[in-house]
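First up is the structure itself, then whatever we jot down about it.
Counting convention: from 1, in listed order, for ligands and their atoms alike.
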Amino acid sequence: MSLFQKKESAPLPPPNHIAIIMDGNGRWAKKRGLPRTAGHAAGAESFRRIANYCRELGVKYLTVYAFSTENWKRSTEEVGGIMTLLGNYLREALRDMEKNKVHFVFFGDLSRLSPELRQLCLEAESASREYDVQVNFCLNYGGRDEIIRAAKAFAQDVARGEKTPEELDEATFSQYLYSASVPDPELIIRPSGEQRTSNFLLWQSAYSEFVFMDVLWPDFGPRELDEAIAQFHRRDRRFGGAK
Ligand code: IPE
Ligand code: IPE
Ligand code: MG
């Protein structure tokens, strides 16, 4: 076959659900002698780009880790900067809803956010309900916190006589998590070079494929996502079975 006849193989379809730990903003800023908040602003830009690209690719669910239950340990200046950026982003998302066409869902305990930010989250969620592509925004989210909340909610249903302990199985428990009705992510990507979950999707990641990449989140673009998806397709997923 001549070179010209050689057909490019079509790219494999992306996973249905991709989750990303958006890490490395601080280091990106430090490398440039900028304040950490500038790194978070660049990270927000990266998120916009990747959310659009995921929609183009046909990804159904994108879950992003934006702020963890542990991130409150950072300086008031940094936390305040992140919250301001989030507020700006949500106002912009509300304005551009018809252009972005994504359904926003928030995973996390929003009660610790400012009333204004909480309100913006609720508005973004309800105003975007009609769209099919779902972006799960993890805000003041912790995997352990999510599991404890689910356990408490189930215990309350038992105390009220609506459930019995015998009914509890994996499918039932899943319904008490923030991710109720969302399929588990097939692929979890962590840029920045760190190789840990940092309390992200502890329950849902039981059989996810992890791809760790050396790039910092603000430098993560469509090319890096393509590479992560390609790595995912090279994995042999066995789910405990044998071949
Ligand atoms: C991720 O970037 C954003 C948040 C955790 C809010 P970091 O701020 O953790 O960046 P590094 O890890 O310090 O480079
Ligand atoms: C995980 O990153 C949280 C988010 C990206 C929102 P961290 O930077 O907080 O995680 P550690 O501290 O390196 O484990
Ligand atoms: Mg970090």
Side-chain angles (χ1 to χ4, degrees), residues 17-51 54 61-90 92-93 104-114 117-118 120-121 124 135-149 177-179 182 185 187-205 208-221 224-225 228:
H17 184 175
I18 297 180
I20 307 180
I21 301 174
M22 304 189 291
D23 193 24
N25 298 347
R27 276 163 283 176
W28 183 93
K30 195 171 175 201
K31 262 173 54 182
R32 287 163 178 75
L34 297 169
R36 294 182 62 87
T37 317
H40 297 308
E45 221 20 78
S46 208
F47 165 71
R48 287 182 183 90
R49 200 164 57 223
I50 287 300
C54 281
Y61 299 91
L62 171 66
T63 302
V64 289
Y65 206 5
F67 194 86
S68 76
T69 45
E70 287 75 35
N71 287 147
W72 298 104
K73 290 179 191 160
R74 300 186 180 196
S75 71
T76 4
E77 194 194 344
E78 182 171 354
V79 172
I82 293 171
M83 296 302 158
T84 303
L85 281 166
L86 281 166
N88 292 344
Y89 172 74
L90 291 173
E92 173 198 298
F104 286 98
V105 173
F106 294 85
F107 288 5
D109 176 13
L110 302 186
S111 72
R112 201 167 161 189
L113 306 181
S114 71
L117 193 52
R118 197 162 53 239
L120 281 169
C121 293
V135 172
N136 303 310
F137 219 86
C138 299
L139 210 47
N140 191 22
Y141 171 88
R144 288 184 171 181
D145 183 60
E146 179 183 33
I147 292 169
I148 285 174
R149 274 162 196 282
L177 299 169
Y178 293 123
S179 58
V182 175
L187 169 62
I188 300 184
I189 305 168
R190 182 166 193 161
S192 92
E194 309 301 347
Q195 302 195 354
R196 53 178 171 262
T197 67
S198 301
N199 205 8
F200 189 45
L201 303 179
L202 297 183
W203 172 277
Q204 299 85 344
S205 63
S208 302
E209 295 297 329
F210 281 88
V211 172
F212 297 105
M213 300 175 91
D214 271 331
V215 60
L216 300 171
W217 174 247
D219 293 326
F220 189 103
E224 285 70 26
L225 189 68

*Residue pairs involving residues 64-75 (criterion salt bridge (Lys or Arg N to Asp or Glu O under 4.0 Å); sequence neighbours excluded)*: Arg74-Glu78
*Does Ser114 have any side-chain contact (heavy atoms from CB on, under 4.5 Å) partners at least two apart in sequence or in another chain, and if so, which?*
Glu116, Leu117
_Holding to side-chain contact (heavy atoms from CB on, under 4.5 Å), I want the full list of residues that pass it with Ala66, two or more places apart in sequence or in another chain._
Met22, Phe137, Leu139
*asked:* Can you tell whether the side chains of Arg36 and Glu77 come within less than 4.0 Å, N to carboxylate O?
replied: no
*Ring centroid separation Trp217 to Phe47 under 6.0 Å*: no
*Write out the protein residues near ligand 2, meaning a non-hydrogen atom under 4.0 Å from one of its atoms, in order of chain and number.*
Ile21, Met22, Asp23, Tyr65, Ala66, Phe67, Asn71, Arg74, Arg190, Arg196, Ser198
*Using a cut-off of strictly less than 2.8 Å, determine whether Glu194 has an N/O/S atom near the Mg ion (ligand 3).*
no
*Parallel, tilted or perpendicular: which fits the ring planes of Tyr65 and Phe200, with parallel below 30° and perpendicular above 60°?*
parallel
_Within this structure, what is the CH2-CZ distance for the pair Trp72 and Phe67, rounded to the nearest 0.5 Å?_
5.0 Å
*For ligand 1, note which part of His40 has a heavy atom under 4.0 Å away: side chain, backbone, both or neither.*
side chain
*Nearest to the Mg ion (ligand 3) - the N/O/S atom of Asp23, by atom name*: OD1
